[in-house]
Amino acid sequence: MKRTVPIVAGVCLCLAAIGTALAAGDAKLGEKQASSCNGCHGADGRGQGPNPPLAGMKEAYFIQQMNDYKSGARSHLFMQRLAQGLSDPHIANMAAYYASLPPPSGKGK
Ligand code: HEC
């Protein structure tokens with residue numbers, strides 16, 4: 001019976017870590033998850049062509065835009081389809097990642 005104690009403790013720690021990631025967003029995970037975004041949004045999310053920069057964007061603004069695309073409150077065919085496939089924790093991670101980057105030439109949102 002005594003052997004189960006460390007396992008239970010380990011599970012609890014792991015759940016706590018997941019809880020933190022849900023609440024705040026993990027920038028490291030977000031960096032990996034955002035690699036497909038940067039194809040359009042530029043290296044390090046600095047923006048290119050018609051694709052707006054994401055680097056330096058405030059987390060709350062980023063999450064709001066993604067949720068607006070999801071719900072259709074903000075319409076853009078591609079971004080809506082994309083956002084609809086993303087979970088809330090996934091979006092929170094990317095929000096943390098982009099917020100951690102310096103905005104290109106000082107124009108952050
Ligand atoms: C095919 C190119 C393309 C890809 C890939 C792409 N985006 Fe976009 N994204 C756009 C365009 C174009 C816009 C501007 C749309 C509009 O006018 O609403 C945009 C807008 C946004 C905005 C709003 C920016 C603002 O200034 O309000 C966010 C946030 C965003 N994208 C996040 C992402 C994330 C996160 C990913 C990856 C999961 C991603 N995008 C992948 C083309 C792309």
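Index from 1, following the sequence. Quick note: numbers below take in every heavy atom, side chains included, and nothing from hydrogens, waters or symmetry partners. We count ligands from 1, going down the list as the structure has it; atoms in each ligand are counted the same way.
- Between Asn67 and Asp88, some side-chain heavy-atom pair lies under the 4.5 Å cut-off.
- Using a non-hydrogen distance threshold of 4.0 Å, Gln33 does not register as a contact of ligand 1.
- At a 3.5 angstrom cut-off on N or O pairs, Ser36 does not count as close to ligand 1.
- Ligand 1 has a nitrogen or oxygen under 3.5 angstrom from a nitrogen or oxygen of Tyr69.
- The ring pair (Phe, Tyr, Trp, His ring centres under 6.0 Å) search around Phe62 returns Tyr98, not counting sequence neighbours.
- In the vicinity of Tyr61, heavy-atom distances shorter than 4.0 Å reach the ligand 1 atoms 25 (C), 26 (O), 27 (O).
- Among all heavy-atom pairs drawn from Ala96 and Gly25, the shortest one is CB-O, 3.7 Å.
- Side-chain contact between Leu86 and Met94 is present, with at least one heavy-atom pair separated by less than 4.5 Å.
- Here is the list of ligand 1 atoms found below 4.0 Å of a heavy atom in Met57: 24 (C), 25 (C), 26 (O).
- Arg74 and Gln65 get closest at one heavy-atom pair: NH1-OE1, 2.8 Å.
- Nearest-residue assignment for atom 23 (C) of ligand 1 (options Met79, Arg74, Gln80; heavy-atom criterion): Arg74.
- Below 4.0 Å from some heavy atom of Cys40 lie the following atoms of ligand 1, by number and element: 1 (C), 2 (C), 3 (C), 4 (C), 5 (C), 43 (C).
- The shortest N or O to N or O distance between His41 and ligand 1 is below 3.5 Å.
- An N or O contact shorter than 3.5 Å is missing between Ser75 and ligand 1 by distance.
- Inter-residue side-chain proximity for Met79 and Met66 is flagged as met; some heavy-atom pair is nearer than 4.5 Å.
- With a 4.0 Å heavy-atom cut-off, ligand 1 is reached by the backbone of Cys37 and by its side chain too.
- The shortest heavy-atom contact between Ala55 and Pro102 is CB-O, 3.5 Å.
- Distances from atom 42 (C) of ligand 1 to the heavy atoms of Leu82, Leu77, Asn51, Ile63 put Asn51 nearest.
- Set against the non-hydrogen atoms of Met66, the atoms of ligand 1 under 4.0 Å away are 29 (C), 32 (C), 35 (C).
- Within the 4.5 Å cutoff, no side-chain heavy atoms of His76 are placed close to those of Leu82.
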